[in-house]
Number of protein chains: 2
Amino acid sequence: MVTINDIAKRAGVSRTTVSRVINNSGYVSEASKRRIMTAIEETGYVPSEQAKSLRLKRTKVIGVILPKISTETSSRVVDGINSELNSNGYQILLASSDLSMEREIEHLKLLQSRRVDGIILVATNREQPLLNAIHQAEVPVVVLGQDIKGNSSVLYDDYHAAKAVMNAIFAKGHKKIGFIGVHEQDQAVGVERKQAYLDAMAESGVTIEEGWMQEAIFDIDSGATATKQMMQSLVKPTAIFAVTDRLAIGAMQYLQANGLKIPEDIAIIGIGASDLSKYVTPSLSTVDYFHEEAGILSARLLLNNLQNGEKKVEKSLMRYRLIERNSLV
Amino acid sequence: MVTINDIAKRAGVSRTTVSRVINNSGYVSEASKRRIMTAIEETGYVPSEQAKSLRLKRTKVIGVILPKISTETSSRVVDGINSELNSNGYQILLASSDLSMEREIEHLKLLQSRRVDGIILVATNREQPLLNAIHQAEVPVVVLGQDIKGNSSVLYDDYHAAKAVMNAIFAKGHKKIGFIGVHEQDQAVGVERKQAYLDAMAESGVTIEEGWMQEAIFDIDSGATATKQMMQSLVKPTAIFAVTDRLAIGAMQYLQANGLKIPEDIAIIGIGASDLSKYVTPSLSTVDYFHEEAGILSARLLLNNLQNGEKKVEKSLMRYRLIERNSLV
DNA sequence: CTGAAAGCGCTTACAG
DNA sequence: CTGAAAGCGCTTACAG
């Protein structure tokens, strides 16, 4: 691979001068500049960002840790991050934690060993070891999706979004409302959304019957299974709030397979505004979380941190939007 | 940030010795090793992969160029690439070409300036400038999705997959078959799949009526528009082959909105086995391209190249699988 | 078992 | 306008 020394030799100057024209800084005679330019052309020389990074102590690379790569949410978030980063000359080094906290921590270290300038962590939990790893990080970390004390985060407004969902259901006259949630280890999805359900029910003075609250994992089949359980309750719900679209779609699948009509017999609503939600039949009412925007915002927060040098802690709350479609009437 | 020199000083040895214990190579006395280990623990020292890379002339980073980040195909491919790469100690530097050839070329250079060890390019065209950029690359490039002469590629068997689609349609007794394609700049999707349609029709001796062949771009609405055009033909087709699932779903939307029953009035089939295809109503017949596997294969091809040092040109043809569902009966 | 020295490819005061 | 020198954080012959 051709280096700055090769160019210097070819052009008959020192590498200092070559460096000057590459970065056009300082004075260089037209003659030298011309010779250097042609040398670069002829050899196809591309300066090593890597060597430059070592010298300048910044890589222009941001590490992004995702819970899972091939998920709609992730790809939208990354899309947002990438566009914001790119227009500022940064690139993304990608890592997947596969939903394991150990791997989140591992990647936090791995990325630092690569000397990324900063890290965006799309987190799924707030366990102590993870918190420690975040606080010990030597580069700014922006956490997306979980509120980490003492650290910058971009947050979805899970509680109020879920409250909005409940209000929409109540507005249609439903009282008997079932809930499909996930494990409480996930603060945002597992705890906040559930709390909103509980509060909304309490505020409306309706008691939650046995079997109405189910816990699932993040996939469609699990949504179906949970619904099956729920429909064995003595008092059957007339509406179901599933904490994710996929869970909601699983519910729809199970109900339709068992001859129930949606929304006539039972209404469904999810959260996420997935592509899927738009094209299932009936179309699924849901909440848009603006994932791409969240990605952009995370990147921007990180870049601010980088540019100001200060480690300012900022919390940013995302907006959300209820999308009323045909699964809830 | 703490460096190898800090550790050396703390442990009262030379940095050579520290390097030895980090990489456990060569002899080090137990005493020195112990002192070095505690120094590392106490400081939280993490060796700089970056500096190491400069010295070793390899970064253990692979560049991945995608036509678009937030697409189901992309995320599945990246998932495959990532898992294969990760288990070999490599990481992904991500880039998006946003479907523009200029940006494909730009990123090819940008990634090289970062001294990635190799590049996986998910390509959408085979224009000359791109070919040049690929051939001029100083690191191995594996191209996914387009057959590039003189370069390793992982290829989808577009022609035969599309032929299989046509056979499936014929098998149901259809003769009047419409086609929704894309621009020929895309060799794989635009040319190969169309050729299969043309050949299949010719081989069956059925003439293609005016209006049966439509060209769209890669989104759902465009599929609907194309279908609208098609349905204005004098002789209406009884089945439609759309070259992607999204196009097929657009067709379904338009047809259903206009009171037609699928598959009774008109059958539909796509390609891609998207998540969507499974959950629309009726479920969409399609072809699974095993994108994740394609990602794994691309990564493996690249790693082989890297390990053997030789620049062997290998073409790998992906398998495919027809999935018959309810949109075609 | 250990360390001094050279070098990976750059940039940047400093001196001229 | 230009270049020699130092240094970013590592590894690896080489010598002892």
Side-chain angles (χ1 to χ4, degrees), chain A residues 1-37 39-40 43-61 89 109-117 138-139, chain B residues 1-37 39-40 43-61 89 109-117 138-139:
Chain A
M1 195 142 256
V2 22
T3 76
I4 196 172
N5 282 314
D6 301 322
I7 301 299
K9 220 167 286 167
R10 239 170 194 273
V13 296
S14 76
R15 64 172 179 263
T16 306
T17 307
V18 176
S19 175
R20 284 204 187 90
V21 347
I22 293 170
N23 302 294
N24 58 81
S25 60
Y27 296 91
V28 179
S29 70
E30 271 311 312
S32 300
K33 189 179 286 182
R34 228 187 333 270
R35 289 205 312 283
I36 291 169
M37 291 306 255
I40 290 177
T43 54
Y45 166 65
V46 189
S48 163
E49 254 313 314
Q50 205 204 154
K52 199 166 165 175
S53 291
L54 181 59
R55 173 63 224 247
L56 263 30
K57 289 168 160 298
R58 61 110 190 92
T59 52
K60 289 264 177 183
V61 171
K109 292 196 179 138
L110 214 59
L111 288 170
Q112 290 183 75
S113 78
R114 296 215 184 263
R115 298 297 186 262
V116 294
D117 290 342
E138 304 229 26
V139 296
Chain B
M1 197 141 252
V2 22
T3 75
I4 197 172
N5 281 313
D6 300 324
I7 301 300
K9 220 166 291 169
R10 241 170 193 273
V13 296
S14 75
R15 61 172 180 262
T16 307
T17 308
V18 176
S19 175
R20 283 202 187 92
V21 348
I22 293 171
N23 303 295
N24 59 82
S25 59
Y27 295 91
V28 179
S29 71
E30 270 311 313
S32 301
K33 188 177 285 182
R34 228 189 331 271
R35 289 205 312 282
I36 290 169
M37 291 306 255
I40 290 177
T43 55
Y45 167 66
V46 188
S48 163
E49 256 311 316
Q50 204 204 152
K52 198 166 166 175
S53 291
L54 181 59
R55 173 64 223 248
L56 263 29
K57 288 165 161 300
R58 61 107 189 94
T59 52
K60 288 267 178 179
V61 172
K109 293 195 180 140
L110 215 58
L111 288 170
Q112 290 183 74
S113 79
R114 295 214 184 266
R115 299 297 186 261
V116 295
D117 290 343
E138 304 227 27
V139 296

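Numbered from 1 within each chain, the chains take letters A, B, ... in sequence-line order.
- Here C/dG9 presents its P atom at 17 Å from CG of A/Leu56, a figure rounded to the nearest Å.
- For the pair A/Lys60 NZ and C/dC10 P, the interatomic distance rounds to 18 Å; values are reported in whole Å.
- Partners of B/Leu54 according to the side-chain contact (heavy atoms from CB on, under 4.5 Å) rule, which considers only residues two or more places apart in sequence or in another chain, are A/Gln50, A/Ala51, A/Leu54.
- Computed from coordinates, the A/Asn24 CG to C/dT12 P distance equals 13 Å when rounded to whole Å.
- For residues 6-22 of chain A, every residue pair satisfying the salt bridge (Lys or Arg N to Asp or Glu O under 4.0 Å) rule, not counting sequence neighbours, is listed here: A/Arg10-A/Glu42.
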In dot-bracket form, 5' to 3', how is DNA chain D paired? Count Watson-Crick and G-U wobble pairs only if both distances fall under 3.5 Å, and write | where the partner sits on another strand.
|||.||||||||.|||

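- Here the shortest heavy-atom pairing between B/Ile7 and B/Thr43 reads CD1-OG1, 3.3 Å.
- When the side chain to side chain donor-acceptor pair (under 3.5 Å) test is applied to B/Thr3, no partner is found at least two apart in sequence or on another chain.
- At whole-Å resolution of the value, CG in B/Asn23 and P in D/dT12 are 7 Å apart.
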B/S/- contact track for nucleotides 1-7 of chain C, protein heavy atom under 4.0 Å:
BBBBBBB

Expected list for residues 25-34 of chain A: side-chain donor-acceptor pairs under 3.5 angstrom, two or more places apart:
| from | atom 1 | to | atom 2 | distance (Å) |
| --- | --- | --- | --- | --- |
| A/Ser29 | OG | A/Ser32 | N | 3.2 |
| A/Ser29 | OG | A/Ser32 | OG | 2.8 |

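- B/Val61 pairs by the side-chain contact (heavy atoms from CB on, under 4.5 Å) definition with A/Leu93, A/Arg114, B/Thr59, B/Leu93, B/Val116, not counting sequence neighbours.
- Per the geometry, CD1 belonging to A/Ile22 stands 14 Å off C1' belonging to C/dT12, to the nearest Å.
- For the pair A/Gln112 CD and D/dG9 P, the interatomic distance rounds to 15 Å; values are reported in whole Å.
- Evaluation of the side chain to side chain donor-acceptor pair (under 3.5 Å) rule for B/Ser48 yields no partner, not counting sequence neighbours.
- With D/dT12, C/dC8, C/dC10 as the candidates, the nucleotide lying closest to the side chain of B/Leu54 is C/dC8.
- Between B/Arg58 and B/Glu49, at least one side-chain N (NZ, or NE/NH1/NH2) sits under 4.0 Å from a carboxylate O, which counts as a salt bridge.
- Counting to the nearest Å, the P atom of D/dC10 and the CD atom of B/Gln50 are 10 Å from each other.
- Scored by the side chain to side chain donor-acceptor pair (under 3.5 Å) test, A/Ser53 finds no partners at all (sequence neighbours excluded).
- Regarding B/Arg58, its CZ atom lies at a distance of 13 Å from the C1' atom of C/dC8, rounded to whole Å.
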